[in-house]
Amino acid sequence: MSVRVQREDFDPGAEIARMTEGRTDVGAVTSFVGLVRGAAGDGSAMTLEHYPGMTERQLSAIEAEACGRWPLLDSLIIHRFGRLNPGDRIVLVAVASSHRAAAFAACEFLIDWLKTRAPFWKLEEGPGGEHWVEAKDDDDDRADRWNKSS
Amino acid sequence: MSVRVQREDFDPGAEIARMTEGRTDVGAVTSFVGLVRGAAGDGSAMTLEHYPGMTERQLSAIEAEACGRWPLLDSLIIHRFGRLNPGDRIVLVAVASSHRAAAFAACEFLIDWLKTRAPFWKLEEGPGGEHWVEAKDDDDDRADRWNKSS
Amino acid sequence: MRILYFAWLRGKVGTGEEEITPPVGIATVGQLIDWLKTRSPGYAEAFAQPGLIRAAVNQEYAKLDQAVAASDEVAFFPPVTGG
Amino acid sequence: MRILYFAWLRGKVGTGEEEITPPVGIATVGQLIDWLKTRSPGYAEAFAQPGLIRAAVNQEYAKLDQAVAASDEVAFFPPVTGG
(Lines give C-alpha, C1' and ligand atoms only; values in the text may rest on other atoms or scores of the structure.)
Protein backbone atom coordinates (compact mmCIF):
# COMPACT_ATOMS: atom_id res chain seq x y z
CA MET A 1 0.00 0.00 0.00
CA SER A 2 1.62 3.26 -0.99
CA VAL A 3 0.92 6.78 -2.10
CA ARG A 4 3.09 9.22 -4.04
CA VAL A 5 2.40 12.87 -4.82
CA GLN A 6 4.98 14.21 -7.23
CA ARG A 7 5.73 16.71 -9.96
CA GLU A 8 7.51 14.13 -12.17
CA ASP A 9 5.92 11.74 -14.63
CA PHE A 10 5.60 8.05 -13.74
CA ASP A 11 5.88 4.76 -15.64
CA PRO A 12 2.64 2.76 -15.31
CA GLY A 13 4.23 -0.41 -16.68
CA ALA A 14 7.13 -0.36 -14.23
CA GLU A 15 4.74 0.26 -11.33
CA ILE A 16 2.40 -2.56 -12.36
CA ALA A 17 5.34 -4.94 -12.86
CA ARG A 18 6.69 -4.08 -9.41
CA MET A 19 3.38 -5.11 -7.80
CA THR A 20 3.70 -8.72 -8.93
CA GLU A 21 7.47 -9.15 -8.96
CA GLY A 22 8.60 -12.29 -7.17
CA ARG A 23 5.16 -13.21 -5.87
CA THR A 24 2.72 -15.88 -6.97
CA ASP A 25 -0.36 -15.01 -4.91
CA VAL A 26 -1.53 -12.18 -7.19
CA GLY A 27 -4.16 -13.32 -9.68
CA ALA A 28 -5.30 -9.92 -10.89
CA VAL A 29 -3.84 -6.45 -11.29
CA THR A 30 -6.13 -3.64 -12.36
CA SER A 31 -4.95 -0.16 -13.18
CA PHE A 32 -6.31 3.22 -14.12
CA VAL A 33 -4.29 5.97 -15.79
CA GLY A 34 -5.83 9.44 -16.06
CA LEU A 35 -4.49 11.82 -18.69
CA VAL A 36 -4.91 15.48 -19.68
CA ARG A 37 -7.22 15.76 -22.67
CA GLY A 38 -7.27 18.58 -25.21
CA ALA A 39 -6.12 19.22 -28.74
CA ALA A 40 -2.33 19.52 -28.89
CA GLY A 41 -1.19 23.12 -29.14
CA ASP A 42 -4.63 24.58 -28.40
CA GLY A 43 -3.25 26.03 -25.20
CA SER A 44 -5.32 23.73 -23.03
CA ALA A 45 -2.57 23.05 -20.52
CA MET A 46 -3.45 23.04 -16.84
CA THR A 47 -1.81 23.47 -13.49
CA LEU A 48 -2.65 21.11 -10.66
CA GLU A 49 -2.50 22.71 -7.24
CA HIS A 50 -2.63 20.59 -4.11
CA TYR A 51 -2.45 20.81 -0.33
CA PRO A 52 0.88 19.26 0.64
CA GLY A 53 0.47 17.08 3.70
CA MET A 54 -3.30 16.79 3.54
CA THR A 55 -3.11 15.29 0.05
CA GLU A 56 -0.89 12.39 1.17
CA ARG A 57 -2.98 11.96 4.29
CA GLN A 58 -6.25 11.78 2.36
CA LEU A 59 -4.83 9.43 -0.26
CA SER A 60 -3.56 7.11 2.47
CA ALA A 61 -6.97 7.21 4.16
CA ILE A 62 -8.67 6.36 0.86
CA GLU A 63 -6.28 3.43 0.39
CA ALA A 64 -6.89 2.21 3.94
CA GLU A 65 -10.64 2.35 3.30
CA ALA A 66 -10.23 0.23 0.15
CA CYS A 67 -8.08 -2.29 2.02
CA GLY A 68 -10.82 -2.57 4.62
CA ARG A 69 -13.49 -3.20 2.00
CA TRP A 70 -11.69 -5.69 -0.28
CA PRO A 71 -9.02 -8.37 0.18
CA LEU A 72 -6.17 -6.52 -1.52
CA LEU A 73 -2.58 -7.71 -1.76
CA ASP A 74 -1.18 -4.34 -2.81
CA SER A 75 -2.29 -0.93 -4.00
CA LEU A 76 -0.64 2.19 -5.32
CA ILE A 77 -1.76 5.74 -5.98
CA ILE A 78 0.50 8.20 -7.80
CA HIS A 79 -0.83 11.72 -8.44
CA ARG A 80 1.09 14.51 -10.10
CA PHE A 81 0.92 18.25 -9.44
CA GLY A 82 2.26 21.28 -11.32
CA ARG A 83 1.80 22.25 -14.96
CA LEU A 84 0.62 19.52 -17.32
CA ASN A 85 -0.02 19.48 -21.05
CA PRO A 86 -2.58 17.58 -23.13
CA GLY A 87 -1.51 13.95 -23.34
CA ASP A 88 0.36 14.07 -20.02
CA ARG A 89 -0.40 11.47 -17.37
CA ILE A 90 -2.04 12.86 -14.21
CA VAL A 91 -2.79 9.91 -11.99
CA LEU A 92 -2.20 6.19 -11.63
CA VAL A 93 -4.25 3.85 -9.47
CA ALA A 94 -3.20 0.19 -9.42
CA VAL A 95 -4.52 -2.67 -7.31
CA ALA A 96 -3.35 -6.27 -6.88
CA SER A 97 -5.61 -8.98 -5.53
CA SER A 98 -6.08 -12.73 -5.71
CA HIS A 99 -9.23 -12.30 -7.75
CA ARG A 100 -10.43 -9.88 -10.37
CA ALA A 101 -13.73 -8.80 -8.81
CA ALA A 102 -11.95 -7.22 -5.83
CA ALA A 103 -9.24 -5.73 -8.04
CA PHE A 104 -11.76 -4.01 -10.33
CA ALA A 105 -14.01 -2.78 -7.54
CA ALA A 106 -11.16 -1.40 -5.45
CA CYS A 107 -9.48 0.34 -8.40
CA GLU A 108 -12.68 2.10 -9.42
CA PHE A 109 -13.49 2.95 -5.80
CA LEU A 110 -10.04 4.49 -5.31
CA ILE A 111 -10.27 6.81 -8.31
CA ASP A 112 -13.90 7.72 -7.53
CA TRP A 113 -13.06 8.62 -3.95
CA LEU A 114 -9.83 10.35 -4.90
CA LYS A 115 -11.77 12.58 -7.30
CA THR A 116 -14.07 13.81 -4.54
CA ARG A 117 -11.75 13.76 -1.51
CA ALA A 118 -8.11 14.34 -2.42
CA PRO A 119 -7.30 18.08 -2.22
CA PHE A 120 -6.27 18.85 -5.80
CA TRP A 121 -7.54 21.73 -7.92
CA LYS A 122 -7.18 22.19 -11.64
CA LEU A 123 -6.44 25.61 -13.12
CA GLU A 124 -7.07 25.37 -16.86
CA GLU A 125 -5.51 27.59 -19.47
CA GLY A 126 -7.98 28.32 -22.26
CA PRO A 127 -8.35 30.78 -25.11
CA GLY A 128 -10.14 33.17 -22.73
CA GLY A 129 -7.51 32.94 -19.99
CA GLU A 130 -7.18 30.82 -16.88
CA HIS A 131 -10.08 29.40 -14.95
CA TRP A 132 -10.50 27.00 -12.05
CA VAL A 133 -12.26 23.79 -13.05
CA GLU A 134 -15.55 23.29 -11.22
CA ALA A 135 -16.28 20.05 -9.42
CA LYS A 136 -18.70 17.76 -11.24
CA ASP A 137 -21.92 16.47 -9.70
CA ASP A 138 -21.29 13.35 -11.71
CA ASP A 139 -18.11 12.69 -9.70
CA ASP A 140 -20.04 13.06 -6.46
CA ASP A 141 -22.65 10.63 -7.74
CA ARG A 142 -20.02 8.10 -8.68
CA ALA A 143 -18.35 8.36 -5.29
CA ASP A 144 -21.71 8.08 -3.54
CA ARG A 145 -22.40 4.74 -5.18
CA TRP A 146 -19.83 3.20 -2.84
CA ASN A 147 -21.87 4.23 0.20
CA LYS A 148 -24.84 2.13 -0.84
CA SER A 149 -25.21 -1.61 -0.37
CA SER A 150 -21.81 -3.00 -1.30
CA MET B 1 -8.94 -2.39 -31.51
CA SER B 2 -6.75 -5.47 -31.61
CA VAL B 3 -6.43 -9.01 -30.39
CA ARG B 4 -3.35 -11.18 -29.98
CA VAL B 5 -3.16 -14.86 -29.04
CA GLN B 6 0.42 -15.87 -28.40
CA ARG B 7 2.74 -18.22 -26.56
CA GLU B 8 5.16 -15.41 -25.55
CA ASP B 9 4.90 -13.12 -22.56
CA PHE B 10 3.81 -9.50 -23.06
CA ASP B 11 4.74 -6.13 -21.52
CA PRO B 12 1.65 -4.44 -20.01
CA GLY B 13 3.44 -1.11 -19.61
CA ALA B 14 4.57 -0.96 -23.24
CA GLU B 15 1.07 -1.88 -24.44
CA ILE B 16 -0.61 0.73 -22.25
CA ALA B 17 1.90 3.39 -23.33
CA ARG B 18 1.28 2.57 -26.99
CA MET B 19 -2.45 3.24 -26.56
CA THR B 20 -1.92 6.89 -25.68
CA GLU B 21 1.23 7.69 -27.64
CA GLY B 22 0.94 10.87 -29.67
CA ARG B 23 -2.73 11.44 -28.92
CA THR B 24 -4.45 13.87 -26.61
CA ASP B 25 -8.06 12.67 -26.74
CA VAL B 26 -7.56 9.80 -24.28
CA GLY B 27 -8.57 10.74 -20.74
CA ALA B 28 -8.57 7.29 -19.19
CA VAL B 29 -6.80 3.97 -19.73
CA THR B 30 -7.90 0.99 -17.68
CA SER B 31 -6.15 -2.34 -17.72
CA PHE B 32 -6.47 -5.81 -16.29
CA VAL B 33 -3.63 -8.31 -16.03
CA GLY B 34 -4.47 -11.89 -15.05
CA LEU B 35 -1.71 -14.06 -13.61
CA VAL B 36 -1.18 -17.71 -12.64
CA ARG B 37 -1.51 -18.14 -8.90
CA GLY B 38 0.07 -20.86 -6.77
CA ALA B 39 3.00 -21.31 -4.44
CA ALA B 40 6.28 -21.22 -6.34
CA GLY B 41 7.74 -24.67 -6.83
CA ASP B 42 4.61 -26.47 -5.64
CA GLY B 43 4.18 -27.91 -9.10
CA SER B 44 1.06 -25.89 -9.79
CA ALA B 45 1.95 -25.03 -13.36
CA MET B 46 -0.74 -25.19 -16.01
CA THR B 47 -1.10 -25.55 -19.73
CA LEU B 48 -3.54 -23.37 -21.62
CA GLU B 49 -5.07 -25.04 -24.65
CA HIS B 50 -7.05 -23.04 -27.18
CA TYR B 51 -8.88 -23.37 -30.47
CA PRO B 52 -6.73 -21.53 -33.04
CA GLY B 53 -8.91 -19.49 -35.33
CA MET B 54 -12.03 -19.56 -33.21
CA THR B 55 -10.16 -17.94 -30.31
CA GLU B 56 -9.15 -14.89 -32.36
CA ARG B 57 -12.62 -14.74 -33.90
CA GLN B 58 -14.36 -14.81 -30.51
CA LEU B 59 -12.00 -12.25 -28.98
CA SER B 60 -12.59 -9.91 -31.91
CA ALA B 61 -16.34 -10.38 -31.54
CA ILE B 62 -16.10 -9.58 -27.82
CA GLU B 63 -14.12 -6.43 -28.61
CA ALA B 64 -16.62 -5.38 -31.25
CA GLU B 65 -19.43 -5.85 -28.73
CA ALA B 66 -17.62 -3.61 -26.22
CA CYS B 67 -17.04 -0.94 -28.88
CA GLY B 68 -20.75 -1.00 -29.63
CA ARG B 69 -21.66 -0.54 -25.97
CA TRP B 70 -19.18 2.16 -24.93
CA PRO B 71 -17.44 5.09 -26.66
CA LEU B 72 -13.95 3.56 -26.77
CA LEU B 73 -10.90 5.10 -28.43
CA ASP B 74 -8.86 1.90 -28.37
CA SER B 75 -8.85 -1.57 -26.89
CA LEU B 76 -6.47 -4.49 -26.72
CA ILE B 77 -6.72 -8.12 -25.66
CA ILE B 78 -3.62 -10.30 -25.39
CA HIS B 79 -4.08 -13.91 -24.24
CA ARG B 80 -1.30 -16.47 -23.90
CA PHE B 81 -1.46 -20.22 -24.48
CA GLY B 82 0.97 -23.03 -23.68
CA ARG B 83 2.60 -23.95 -20.37
CA LEU B 84 2.60 -21.29 -17.68
CA ASN B 85 4.04 -21.19 -14.17
CA PRO B 86 2.81 -19.47 -11.00
CA GLY B 87 3.49 -15.76 -11.31
CA ASP B 88 3.31 -15.80 -15.11
CA ARG B 89 1.00 -13.37 -16.88
CA ILE B 90 -1.92 -14.99 -18.74
CA VAL B 91 -4.02 -12.19 -20.13
CA LEU B 92 -4.05 -8.43 -20.66
CA VAL B 93 -7.14 -6.37 -21.33
CA ALA B 94 -6.64 -2.63 -21.84
CA VAL B 95 -9.13 0.04 -22.84
CA ALA B 96 -8.71 3.72 -23.72
CA SER B 97 -11.59 6.18 -23.60
CA SER B 98 -12.23 9.87 -23.10
CA HIS B 99 -13.78 9.20 -19.70
CA ARG B 100 -13.16 6.74 -16.92
CA ALA B 101 -16.66 5.31 -16.52
CA ALA B 102 -16.61 3.82 -20.03
CA ALA B 103 -13.01 2.65 -19.64
CA PHE B 104 -13.76 0.77 -16.42
CA ALA B 105 -17.01 -0.75 -17.61
CA ALA B 106 -15.58 -1.90 -20.94
CA CYS B 107 -12.45 -3.39 -19.38
CA GLU B 108 -14.43 -5.43 -16.86
CA PHE B 109 -16.96 -6.44 -19.52
CA LEU B 110 -14.16 -7.67 -21.81
CA ILE B 111 -12.55 -9.92 -19.20
CA ASP B 112 -15.93 -11.19 -17.97
CA TRP B 113 -17.05 -12.10 -21.48
CA LEU B 114 -13.66 -13.49 -22.43
CA LYS B 115 -13.81 -15.83 -19.42
CA THR B 116 -17.09 -17.35 -20.57
CA ARG B 117 -16.74 -17.18 -24.38
CA ALA B 118 -13.14 -17.38 -25.54
CA PRO B 119 -12.22 -21.03 -26.25
CA PHE B 120 -9.38 -21.61 -23.78
CA TRP B 121 -9.05 -24.53 -21.37
CA LYS B 122 -6.73 -24.85 -18.41
CA LEU B 123 -4.99 -28.13 -17.65
CA GLU B 124 -3.56 -27.83 -14.14
CA GLU B 125 -0.64 -29.84 -12.81
CA GLY B 126 -1.16 -30.70 -9.16
CA PRO B 127 0.26 -33.09 -6.60
CA GLY B 128 -2.26 -35.72 -7.74
CA GLY B 129 -1.54 -35.34 -11.44
CA GLU B 130 -3.11 -33.30 -14.21
CA HIS B 131 -6.73 -32.20 -14.25
CA TRP B 132 -8.86 -29.95 -16.42
CA VAL B 133 -10.11 -26.89 -14.57
CA GLU B 134 -13.89 -26.75 -14.37
CA ALA B 135 -15.79 -23.65 -15.42
CA LYS B 136 -17.09 -21.54 -12.54
CA ASP B 137 -20.74 -20.61 -12.11
CA ASP B 138 -19.44 -17.38 -10.66
CA ASP B 139 -17.88 -16.49 -14.03
CA ASP B 140 -21.19 -17.12 -15.78
CA ASP B 141 -22.94 -14.93 -13.23
CA ARG B 142 -20.46 -12.12 -13.75
CA ALA B 143 -20.82 -12.33 -17.53
CA ASP B 144 -24.61 -12.41 -17.24
CA ARG B 145 -24.66 -9.09 -15.39
CA TRP B 146 -23.89 -7.40 -18.71
CA ASN B 147 -27.09 -8.72 -20.26
CA LYS B 148 -29.26 -6.88 -17.76
CA SER B 149 -30.31 -3.24 -17.79
CA SER B 150 -28.00 -0.90 -19.73
CA MET C 1 -16.97 -33.01 -42.27
CA ARG C 2 -14.08 -31.92 -40.07
CA ILE C 3 -14.59 -32.57 -36.36
CA LEU C 4 -12.41 -31.11 -33.59
CA TYR C 5 -12.30 -32.10 -29.92
CA PHE C 6 -10.70 -30.05 -27.15
CA ALA C 7 -9.63 -30.50 -23.53
CA TRP C 8 -10.95 -33.67 -21.88
CA LEU C 9 -13.20 -34.50 -24.83
CA ARG C 10 -10.09 -35.07 -26.90
CA GLY C 11 -8.83 -37.57 -24.33
CA LYS C 12 -12.08 -39.49 -24.23
CA VAL C 13 -12.60 -39.80 -28.00
CA GLY C 14 -8.90 -40.44 -28.50
CA THR C 15 -8.20 -37.79 -31.14
CA GLY C 16 -8.18 -34.01 -31.49
CA GLU C 17 -9.29 -33.90 -35.09
CA GLU C 18 -10.86 -36.19 -37.65
CA GLU C 19 -12.54 -36.17 -41.03
CA ILE C 20 -15.81 -38.04 -40.99
CA THR C 21 -18.70 -38.72 -43.32
CA PRO C 22 -21.84 -39.04 -41.24
CA PRO C 23 -24.65 -41.22 -42.58
CA VAL C 24 -27.42 -39.63 -44.60
CA GLY C 25 -29.99 -38.01 -42.32
CA ILE C 26 -27.52 -36.35 -39.91
CA ALA C 27 -28.54 -32.74 -40.42
CA THR C 28 -28.04 -30.98 -37.07
CA VAL C 29 -25.45 -30.71 -34.28
CA GLY C 30 -27.74 -32.75 -32.01
CA GLN C 31 -28.12 -35.56 -34.54
CA LEU C 32 -24.35 -35.55 -35.10
CA ILE C 33 -23.75 -35.99 -31.36
CA ASP C 34 -26.26 -38.85 -31.17
CA TRP C 35 -24.50 -40.59 -34.03
CA LEU C 36 -20.98 -39.95 -32.65
CA LYS C 37 -22.02 -41.59 -29.35
CA THR C 38 -22.65 -44.87 -31.20
CA ARG C 39 -19.11 -45.03 -32.59
CA SER C 40 -17.34 -46.37 -29.48
CA PRO C 41 -17.55 -46.45 -25.68
CA GLY C 42 -15.04 -43.56 -25.64
CA TYR C 43 -17.33 -41.39 -27.75
CA ALA C 44 -20.32 -42.44 -25.67
CA GLU C 45 -18.48 -41.39 -22.52
CA ALA C 46 -17.31 -38.09 -24.02
CA PHE C 47 -20.87 -37.04 -24.85
CA ALA C 48 -22.57 -38.69 -21.85
CA GLN C 49 -23.41 -35.41 -20.13
CA PRO C 50 -24.90 -33.00 -22.67
CA GLY C 51 -24.75 -30.14 -20.16
CA LEU C 52 -20.95 -30.31 -20.19
CA ILE C 53 -20.60 -30.05 -23.96
CA ARG C 54 -20.31 -26.89 -26.02
CA ALA C 55 -20.40 -26.99 -29.81
CA ALA C 56 -19.15 -24.66 -32.52
CA VAL C 57 -19.86 -24.79 -36.24
CA ASN C 58 -17.30 -22.98 -38.39
CA GLN C 59 -15.83 -21.39 -35.25
CA GLU C 60 -19.10 -19.87 -34.02
CA TYR C 61 -21.02 -21.20 -31.03
CA ALA C 62 -23.87 -23.46 -32.11
CA LYS C 63 -26.96 -24.97 -30.49
CA LEU C 64 -28.16 -28.55 -30.87
CA ASP C 65 -30.66 -27.65 -33.60
CA GLN C 66 -28.11 -25.87 -35.77
CA ALA C 67 -27.71 -27.37 -39.27
CA VAL C 68 -24.42 -29.04 -40.23
CA ALA C 69 -23.18 -29.84 -43.73
CA ALA C 70 -20.32 -31.89 -45.17
CA SER C 71 -18.11 -28.84 -45.68
CA ASP C 72 -18.43 -27.61 -42.08
CA GLU C 73 -15.85 -27.54 -39.32
CA VAL C 74 -17.60 -28.74 -36.15
CA ALA C 75 -15.94 -28.53 -32.73
CA PHE C 76 -16.88 -29.99 -29.35
CA PHE C 77 -15.40 -28.90 -26.05
CA PRO C 78 -16.20 -28.36 -22.35
CA PRO C 79 -17.17 -24.93 -20.96
CA VAL C 80 -14.22 -22.59 -21.42
CA THR C 81 -11.83 -21.68 -18.59
CA GLY C 82 -9.52 -18.99 -19.99
CA GLY C 83 -8.68 -15.57 -18.64
CA MET D 1 -3.90 29.89 14.23
CA ARG D 2 -2.53 29.02 10.83
CA ILE D 3 -5.01 29.53 7.97
CA LEU D 4 -4.50 28.22 4.43
CA TYR D 5 -6.44 29.15 1.28
CA PHE D 6 -6.38 27.19 -1.97
CA ALA D 7 -7.43 27.67 -5.59
CA TRP D 8 -9.73 30.66 -6.20
CA LEU D 9 -10.14 31.32 -2.47
CA ARG D 10 -6.46 32.27 -2.35
CA GLY D 11 -6.99 34.78 -5.13
CA LYS D 12 -9.97 36.39 -3.43
CA VAL D 13 -8.44 36.71 0.05
CA GLY D 14 -5.10 37.74 -1.46
CA THR D 15 -2.87 35.23 0.32
CA GLY D 16 -2.31 31.50 0.48
CA GLU D 17 -1.33 31.36 4.12
CA GLU D 18 -1.51 33.54 7.20
CA GLU D 19 -1.12 33.42 10.94
CA ILE D 20 -4.07 34.97 12.72
CA THR D 21 -5.33 35.42 16.23
CA PRO D 22 -9.11 35.37 16.15
CA PRO D 23 -10.96 37.30 18.87
CA VAL D 24 -12.09 35.49 21.98
CA GLY D 25 -15.29 33.57 21.35
CA ILE D 26 -14.34 32.12 17.96
CA ALA D 27 -14.61 28.43 18.83
CA THR D 28 -15.79 26.67 15.66
CA VAL D 29 -15.08 26.59 11.93
CA GLY D 30 -18.39 28.36 11.27
CA GLN D 31 -17.62 31.15 13.71
CA LEU D 32 -14.17 31.51 12.18
CA ILE D 33 -15.68 31.93 8.71
CA ASP D 34 -18.17 34.52 9.98
CA TRP D 35 -15.33 36.50 11.52
CA LEU D 36 -13.04 36.18 8.47
CA LYS D 37 -15.83 37.61 6.28
CA THR D 38 -15.68 40.84 8.26
CA ARG D 39 -11.99 41.41 7.59
CA SER D 40 -12.25 42.84 4.05
CA PRO D 41 -14.46 42.80 0.94
CA GLY D 42 -12.10 40.16 -0.53
CA TYR D 43 -12.70 37.83 2.41
CA ALA D 44 -16.43 38.51 2.26
CA GLU D 45 -16.46 37.59 -1.41
CA ALA D 46 -14.35 34.46 -0.87
CA PHE D 47 -16.83 33.12 1.69
CA ALA D 48 -20.00 34.51 0.10
CA GLN D 49 -21.33 31.11 -1.02
CA PRO D 50 -20.99 28.64 1.85
CA GLY D 51 -21.92 25.76 -0.44
CA LEU D 52 -18.73 26.29 -2.43
CA ILE D 53 -16.41 26.16 0.58
CA ARG D 54 -14.77 23.09 2.07
CA ALA D 55 -12.85 23.27 5.33
CA ALA D 56 -10.15 21.14 6.89
CA VAL D 57 -8.78 21.26 10.42
CA ASN D 58 -5.31 19.77 10.83
CA GLN D 59 -5.59 18.27 7.34
CA GLU D 60 -8.85 16.42 8.00
CA TYR D 61 -12.18 17.48 6.51
CA ALA D 62 -14.23 19.48 9.01
CA LYS D 63 -17.83 20.63 9.33
CA LEU D 64 -18.97 24.07 10.41
CA ASP D 65 -19.54 23.02 14.00
CA GLN D 66 -16.08 21.54 14.46
CA ALA D 67 -14.02 23.14 17.22
CA VAL D 68 -10.89 25.14 16.35
CA ALA D 69 -8.05 26.15 18.69
CA ALA D 70 -5.09 28.51 18.46
CA SER D 71 -2.67 25.69 17.62
CA ASP D 72 -4.74 24.37 14.70
CA GLU D 73 -4.02 24.49 10.99
CA VAL D 74 -7.28 25.42 9.29
CA ALA D 75 -7.68 25.31 5.49
CA PHE D 76 -10.41 26.59 3.18
CA PHE D 77 -10.81 25.56 -0.44
CA PRO D 78 -13.39 24.88 -3.15
CA PRO D 79 -14.63 21.34 -3.94
CA VAL D 80 -11.68 19.30 -5.19
CA THR D 81 -11.08 18.55 -8.88
CA GLY D 82 -8.14 16.15 -8.99
CA GLY D 83 -7.82 12.79 -10.69
Side-chain angles (χ1 to χ4, degrees), chain A residues 9-42 44-45 73 85-101 103-105 107-109 111-112 114-115 136 138-139 141-142 145, chain B residues 9-42 44-45 73 85-101 103-105 107-109 111-112 114-115 136 138-139 141-142 145:
Chain A
D9 193 15
F10 51 82
D11 177 347
E15 302 298 343
I16 293 171
R18 200 167 296 144
M19 297 186 91
T20 59
E21 222 166 58
R23 60 194 299 176
T24 58
D25 53 346
V26 174
V29 178
T30 51
S31 76
F32 169 84
V33 178
L35 304 105
V36 182
R37 286 187 305 135
D42 73 348
S44 58
L73 295 168
N85 286 298
D88 284 352
R89 283 178 279 266
I90 305 171
V91 60
L92 169 71
V93 175
V95 171
S97 181
S98 297
H99 297 287
R100 78 185 187 284
F104 268 109
C107 190
E108 197 165 5
F109 168 86
I111 186 66
D112 284 350
L114 181 160
K115 286 227 172 217
K136 283 186 241 153
D138 182 47
D139 283 333
D141 294 344
R142 290 187 64 81
R145 291 182 306 157
Chain B
D9 193 14
F10 51 83
D11 178 347
E15 302 298 343
I16 293 171
R18 200 166 296 144
M19 297 185 91
T20 58
E21 222 165 58
R23 61 193 300 175
T24 57
D25 53 345
V26 174
V29 178
T30 52
S31 76
F32 169 84
V33 178
L35 304 104
V36 182
R37 286 187 304 135
D42 73 348
S44 58
L73 295 168
N85 286 297
D88 284 351
R89 282 177 280 266
I90 305 172
V91 61
L92 169 71
V93 175
V95 171
S97 182
S98 297
H99 297 287
R100 77 184 188 284
F104 269 110
C107 191
E108 196 165 5
F109 168 86
I111 186 66
D112 283 351
L114 181 161
K115 286 228 173 216
K136 284 186 242 154
D138 181 49
D139 283 333
D141 294 344
R142 289 187 65 80
R145 292 182 307 159

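Reminder, nothing fancy here: chain letters follow the sequence lines and each chain counts from 1.
Each of B/Cys107, B/Ala94, B/Ala96 has some count of heavy-atom pairs under 4.5 Å with chain A, and the biggest count is that of B/Cys107. Ranked by heavy-atom pairs shorter than 4.5 Å toward chain B, the options A/Val91, A/Ile16, A/Thr30, A/Val95 are led by A/Thr30. Of the listed residues A/Gly27, A/Gly87, A/Ala28, the one with more heavy-atom pairs under 4.5 angstrom with chain B than any other is A/Gly27. With chain A as partner, the option from B/Asp138, B/Val26, B/Asn85 having the largest number of non-hydrogen pairs under 4.5 angstrom is B/Val26. Interface summary for chain B: among A/Ser98, A/Ala103, A/Ala17, the most heavy-atom pairs under 4.5 angstrom belong to A/Ser98.
Note that CG of A/Asp88 is 14.5 Å distant from CZ of A/Arg37, once rounded to the nearest 0.5 Å. Atoms CZ and CZ, on B/Arg89 and B/Phe10 in that order, are 6.0 Å from each other to the nearest 0.5 Å.
Between B/Asp25 and B/Arg23 there is a salt bridge, since a side-chain N of the basic residue sits under 4.0 Å from a carboxylate O of the acidic one. B/Asp141 and B/Lys136 are not joined by a salt bridge, as no carboxylate oxygen comes within less than 4.0 angstrom of a charged side-chain nitrogen. We find that B/Arg18 and B/Glu21 are not joined by a salt bridge, their nearest charged nitrogen and carboxylate oxygen being 4.0 Å or further apart. Between A/Arg100 and B/Glu108 there is no salt bridge, since no side-chain nitrogen of the basic residue lies less than 4.0 Å from a carboxylate oxygen of the acidic one.
Only the side chain of B/Thr20 comes within contact range of chain A, judged by heavy atoms closer than 4.5 Å. Proximity to chain A is limited to the backbone of B/Val36, based on heavy atoms less than 4.5 angstrom apart. Contact of B/Ala101 with chain A is made through backbone and side chain together, with heavy-atom distances under 4.5 Å. For A/Asp112, the parts lying near chain B are the backbone and the side chain together; criterion is any non-hydrogen pair under 4.5 Å. With a threshold of 4.5 angstrom between heavy atoms, B/Asp11 does not approach chain A through any atom at all.
Checked against the 6.0 Å centroid threshold, A/Phe104 and B/Phe104 do not count as a close aromatic pair.
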